[in-house]
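Below is one structure, written out as structure tokens; the observations come after it.
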Amino acid sequence: MAGFSGHLVLVFGLLGNMVSFMVYLAPLPTFYHVYKKKSTEGFQSIPYVVGLFSAMLWIYYALLKTDAMLLITINSVGCFIEAFYIGFFLFYAPKKIKIQTVKVVVFLNVVGLGLIVVLSQFLAKGPNRVHIVGWICLIFSLSVFVAPLGVVRQVIRTKSVEYMPFLLSFFLTLSAVMWFFYGLLLKDYNIAIPNVLGFSFGILQMVLYIMYKNAKKVILDQNLPQFNDEIIKIEDEKLPELKEQIIDVMKLSTTVSEIIPVVPKLNNNNCGHEVVDEVHNVPANQIIELVK
């Protein structure tokens with residue numbers, strides 16, 4: 001029975017690695033957009049900085065456990081990918097943003113992680129050290145899952161899933177399932193418990209997608225048939241980066257291997273859906289001016 005359980009741990013760990021790797025690649029469209037524009041525009045580096053911190057923290061925890069090699073493999077890949085994202089961002093970011101990003105990297109990934117390592121080494125011994133670092137990982141992971149609430153709120157408010165791709169929600173949910181069973185079979189609840197919340201949010205996102213996947217088209221056709229082209233044009237020209245930013249937000253809440261908790265702040269005044277909501281209550285002779 002123990003041998004069978006060990007095989008299951010390996011299977012779920014490998015599947016978790018594969019799915020998590022695919023989730024790590026989710027921001028690639030964002031950086032392709034940055035490359036084409038030669039500018040970071042309204043994008044933020046915080047998700048990738050925190051993603052790097054998360055991967056490094058879980059590697060430290062896995063090293064202390066000594067029996068979680070599959071955590072080390074995926075998070076090592078995560079460190080490389082997140083470091084690449086940060087370097088790419090710094091290359092195209094304005095000087096002020098570069099300085100801010102470097103400060104955050106130093107504060108979180110050097111000072112923050114350094115304090116965790118030093119204090120856990122000197123203030124705890126043996127199994128207690130593993131438990132303390134595990135609890136830090138657990139609390140950090142749980143705090144991350146607040147991030148999708150911003151996306152959920154956006155979908156409910158606008159009744160549109162344009163910025164919440166179904167496939168991404170599906171893979172995040174699948175990733176949470178794999179890591180939950182990996183942690184459960186290892187009897188490591190620091191890994192398993194956060195992914196219960198991740199699975200719940202993933203299911204919620206997919207349910208919302210099914211509920212609202214046709215809602216936007218209905219709203220536009222019923223209420224503003226004569227302004228469809230103008231509104232779509234506004235969305236395409238003024239916010240080319242919005243979709244990628246919200247995808248990054250959704251990525252934050254994935255499994256133990258890609259925890260990125262800071263939600264990019266959206267400018268509601270520039271959101272095409274806000275324009276739609278406001279136009280409903282504005283006289284016809286003011287609509288053109290409002291859209292501009």
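Any value given below was found using the heavy atoms of this structure, including those in side chains, with hydrogens, waters and symmetry copies removed.
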Which value, rounded to the nearest 0.5 Å, describes the distance between Ile132 atom CD1 and Trp135 atom CH2? 12.0 Å

Under a single-linkage definition using a 4.5 Å side-chain heavy-atom cutoff for Ile, Leu, Val, Met, Phe, Trp and Tyr, are Ile72 and Leu113 assigned to the same hydrophobic cluster? no

Is it true that the side chains of Asp188 and Tyr61 contain a donor and an acceptor less than 3.5 Å apart? yes

Check: Phe171 main-chain N/O paired with Ser175 side-chain donor or acceptor under 3.5 Å: no

State the NZ-CZ distance between Lys98 and Phe89, to the nearest 0.5 angstrom. 10.0 Å

Run the ring-ring contact (aromatic ring centres under 6.0 Å, His included) test against Phe181 and tell me which residues pass, sequence neighbours left out. Phe12

I want to know whether Phe53 and Phe140 have ring centres closer than 6.0 Å. yes

Quick check, are the ring centers of Phe88 and Tyr48 under 6.0 angstrom apart? no

Nearest heavy-atom pair of Pro94 and Thr40: which atoms, and what distance? CD-OG1, 3.6 Å

Can you see whether Tyr35 has Lys37 sitting over its ring - NZ or CZ less than 6.0 Å from the centre and within 45° of the normal? no

Measure across Gly13 and Leu70 and return the closest heavy-atom pair with its distance rounded to 0.1 Å. CA-CD1, 3.4 Å

So CG of Leu186 and CG of Leu8: to nearest 0.5 Å the spacing works out to 11.0 Å

Distance-only donor-acceptor pairs under 3.5 Å for side chains of residues 100-107, two or more places apart:
residue : atom : partner : partner atom : Å
Thr101  : OG1  : Ser45   : OG           : 2.9
Thr101  : OG1  : Ile97   : O            : 2.9

Gap separating the NZ atom of Lys65 from the CD1 atom of Ile191, nearest 0.5 angstrom: 6.0 Å

Transitive ILVMFWY side-chain link Val77 to Leu25, under 4.5 Å: yes

Taking the side chain as every heavy atom from C-beta outward, state whether Cys79 and Leu52 have any atom pair closer than 4.5 Å. yes

Under 4.5 Å between side-chain heavy atoms, hopping through other hydrophobics if needed: is there a path connecting Ile59 to Leu64? no

Run the side-chain hydrogen bond (donor to acceptor under 3.5 Å, both in side chains) test against Asn17 and tell me which residues pass, sequence neighbours left out. Thr73

Considering all heavy atoms, the nearest Gly51-Glu82 contact: C-CG, 3.9 Å

What I'd like to find out is whether the side chain of Leu138 reaches to under 4.5 Å of the side chain of Tyr189, using heavy atoms alone. no

Keeping the roles fixed (side chain from Ser141, backbone from Cys137), state whether a donor-acceptor pair exists under 3.5 Å. yes

Closest non-hydrogen contact found for Ile203 with Thr173 is N-OG1, 3.9 Å

I need the Phe199 CZ to Met178 CE distance, nearest 0.5 Å. 11.0 Å

If you define the side chain from C-beta out and look only at heavy atoms, does anything of Phe180 sit under 4.5 Å from Leu184? yes

Rounded distance [0.5 Å steps], CG in Asn75 versus CD1 in Ile81: 11.0 Å

Taking Met211 as the starting point, is it possible to reach Phe201 by hopping between hydrophobic residues whose side chains are less than 4.5 Å apart? yes

Search all heavy atoms of Leu71 against all heavy atoms of Ala62 and return the closest pair with its distance. CB-CB, 3.8 Å

List, one per line, each side-chain donor-acceptor pair under 3.5 Å for residues 123-131, sequence neighbours excluded.
residue : atom : partner : partner atom : Å
Arg129  : NE   : Ser120  : O            : 3.1
Arg129  : NE   : Ala124  : O            : 3.3
Arg129  : NH2  : Gln121  : O            : 3.3
Arg129  : NH2  : Ala124  : O            : 2.8

Contacts of Tyr92 that satisfy side-chain hydrogen bond (donor to acceptor under 3.5 Å, both in side chains) - sequence neighbours left out: none

Quick one, Pro27 and Tyr85 - any side-chain contact, counting heavy atoms below 4.5 Å? yes

Treating Ile, Leu, Val, Met, Phe, Trp and Tyr as nodes and any side-chain heavy-atom pair under 4.5 angstrom as an edge, say whether Val177 and Leu10 lie in one connected cluster. yes

By side-chain hydrogen bond (donor to acceptor under 3.5 Å, both in side chains) - contacts of Tyr182 (at least two apart): none

Distance-minimising heavy-atom pair for Gly16 and Ser20: O-OG, 2.7 Å

